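These notes are about the structure you will find just below.
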Amino acid sequence: MSGAEPLLRIEALEVVYGDFQVLWGVSLQVRAGEVVCLLGPNGAGKSTIMNATTALVPRHAGRVSFRGEDLAGIPTHGLVARGLAHVLERRRLFPTLTVRQNLLLGGFNPAARAHRSESLVWVESVLPFLVERKDQLAGTLSGGEQQMVAIARGLMARPSLLMIDEPFLGLSPRVIDEILAIVERINRQGVAVLFTEQNVQLALSISKRGYLLESGRILLEGSGREMLEHETVRKVYLGL
Amino acid sequence: MIYGQVLVDGLIVGLIFALVAMGLSLIYGVMNIVNFAHGEFMMLAMYFCFFLWILAGIDPLLSTPIAAVLMYFVGVAVYRVLIRQVLQATMVAQIFATFGLLLFMQASAHFLWKSDARTIPQSWVSGQFQLGGLFFNGPEVVAGAGALMTAAALYWFIHRTETGLALQAVAEDAQAARLMGIDSDRVFGIAWGVSCAAVAIGGGLLSTYYAITPLSGARWALPAFVAVAIGGFGSISGAFLGGLIIGVVQTAGGFFTSPNYKHLFVFALYLLVVFWRPYGLLGRR
Ligand SMILES: Nc1ncnc2c1ncn2[C@@H]1O[C@H](COP(=O)(O)OP(=O)(O)O)[C@@H](O)[C@H]1O
Ligand SMILES: [Mg+2]
């Protein structure tokens, strides 16, 4: 594989719910080791892009490839073993299972299971609170803790790309800072991250690049600086 | 002493209800489908053991494990052929699917084997004994013990194995489970297989003393539905507890009034629980 081939490549993606089209020819890329944010207001279609990428919703048109492999026809449960992990919006932990069981499930696929105990040591070193809370039911954790477990559960698969849908949703500023630090820490370990967020400044503070989505179309893309200096972003999203 | 006898008899029969109820609860918990035909798989296992006994002289204790293995595959097949088609359908369609399956299986049994009651009068476990002033019927004790062992095995499978963990994950959040690399379709098939195998063990053990007709399974499944509701839909431990309660209430009610009324107490208890705790004793939400 050539070094130029991005990790994730989405081309001209269209998604239709019933007779309501939500995505109109969306293209985006994430390269190995990058942190990329997907910005846009509520209802723009950010979650739909991620859910269509992992085949949770059908792709009406377009092409998604991961590490050069076309994902057409590959079911959701076949993706994590290929190195693509997806943390759903609102964390979606298994609430009546323990923190430890949630983590073990993150490394459930046969490829990851082979070195699951090492992965456990790794994520518990990145997030030490996981050890103290290992026997607590996931549903009884605070929102911030749940987000951390969700991220850790994704990491248990040793992914090359971790997609996180709204990692900061409903969290206090202090916890947001913690999550930001965690994202940077896992990125330094070589994991690429694609995440969605509505707050432009917050998202671009840790992203190398960003995409701005509106009503199912990519409005603009660029480096963090380019985006922050863009006229539309300044007017509409930063109120300057 | 008579109270002791009623309690013990109730618990023994309750263990069978518990096993039947656990299988029902397993499928409901994993995929939110109520399998109205659950008792019919039990009935099939009863006939299977009866015919092996009458045609080949094989004791029900030996044919029960064979019935369980066979019914595992029947369960997986029913999932693949029928249930998969209604997974995304409305609840009404799902009810018609499994209720239709009940009618189909009962009618087929009537057609193939007539409605005559069949019995296995003599088996390895026949006989009675007395222990500590209580009377025991061999076949009932063995059936109860077998049901308890199967229930324990089911609990172990769900809570102590990797496949059981996958089952619990799918039950809690099927989408999230798929993202963990779990093939939910395969897990659904396993749930049907395990549920049918468990109820087949109940049927095989019952065939040593219970009259076998096309309706025999339904007679056990109906109170088991109540057990599931009492325990809390989807809770395996709740179903077990509910089964024991049903067994004791039914036996005591029948004993102190008339056996004709024994179901009355079960359904009265059900209404009580529904009013007092709509989600059952161990249910969530
Ligand atoms: N399952 C669904 N069925 C129908 N419409 C949906 C469904 N999921 C999302 N939508 C609609 O698609 C649009 C995009 O939703 P979503 O991708 O969740 O946006 P975002 O994540 O950017 O807030 C919204 O208008 C939403 O109402
Ligand atoms: Mg969203």
Side-chain angles (χ1 to χ4, degrees), chain A residues 47 50-51 53-58 74-98 100-114 116 137-140 146 149-150 152-159 161-165, chain B residues 22 25-26 28-32 79-80 84 87-90 155-191 231-241 279-285:
Chain A
S47 299
M50 288 192 171
N51 295 346
T53 301
T54 47
L56 288 170
V57 303
I74 296 174
T76 303
H77 63 84
L79 292 171
V80 68
R82 289 172 160 80
L84 176 58
H86 178 183
V87 178
L88 289 165
E89 193 173 324
R90 305 196 173 275
R91 294 99 205 194
R92 301 276 288 272
L93 295 176
F94 304 110
T96 71
L97 300 184
T98 64
R100 176 59 64 83
Q101 283 176 315
N102 270 274
L103 295 181
L104 291 178
L105 282 160
F108 186 84
N109 76 86
R113 211 186 298 180
R116 195 159 61 173
L137 298 187
T140 64
Q146 289 198 17
V149 175
R153 187 178 65 172
L155 291 176
M156 282 295 292
R158 297 292 187 125
L161 172 62
L162 182 64
M163 298 199 298
I164 318 174
D165 199 351
Chain B
M22 284 168 88
S25 196
L26 174 65
Y28 182 81
V30 170
M31 53 208 297
N32 281 309
Y79 166 71
R80 292 207 181 152
R84 200 188 254 165
L87 270 186
Q88 310 298 331
T90 59
Y155 187 88
W156 175 83
F157 168 70
I158 292 167
H159 292 280
R160 295 284 179 274
T161 67
E162 290 283 343
T163 309
L165 187 59
L167 216 86
Q168 293 185 70
V170 171
E172 299 230 320
D173 190 331
Q175 275 197 336
R178 275 178 217 131
L179 288 171
M180 308 291 111
I182 296 167
D183 182 352
S184 55
D185 187 59
R186 198 174 146 261
V187 166
F188 289 156
I190 291 173
F233 265 92
S235 160
I236 296 283
S237 331
F240 182 79
L241 185 65
Y279 294 111
L281 296 175
L282 303 184
R284 280 180 263 118
R285 260 182 310 168

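Bear in mind that the values here come from a model prediction, so they are computed numbers and not experimental data. Just so we're on the same page: letters track the sequence lines, and every chain starts at 1.
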By ring-ring contact (aromatic ring centres under 6.0 Å, His included), which residues pair with B/Y155, not counting sequence neighbours? B/H159

Given 3.5 Å as the limit, does a donor-acceptor pair link the side chain of B/S25 with the main chain of B/G234, or not? yes

Got A/M50 and A/E89 here, is their nearest side-chain heavy-atom distance under 4.5 Å? no

Identify which of A/A157, A/P95, A/A111 forms the greatest number of heavy-atom pairs closer than 4.5 Å to chain B. A/P95

All side-chain contact (heavy atoms from CB on, under 4.5 Å) counterparts of A/R90, not counting sequence neighbours: A/L169

Is chain A contacted by the side chain of B/A171, its backbone, both, or neither, given a heavy-atom distance below 4.5 Å? neither

In terms of heavy-atom pairs under 4.5 Å with chain B, which of A/V80, A/L79, A/N51, A/N109 leads? A/V80

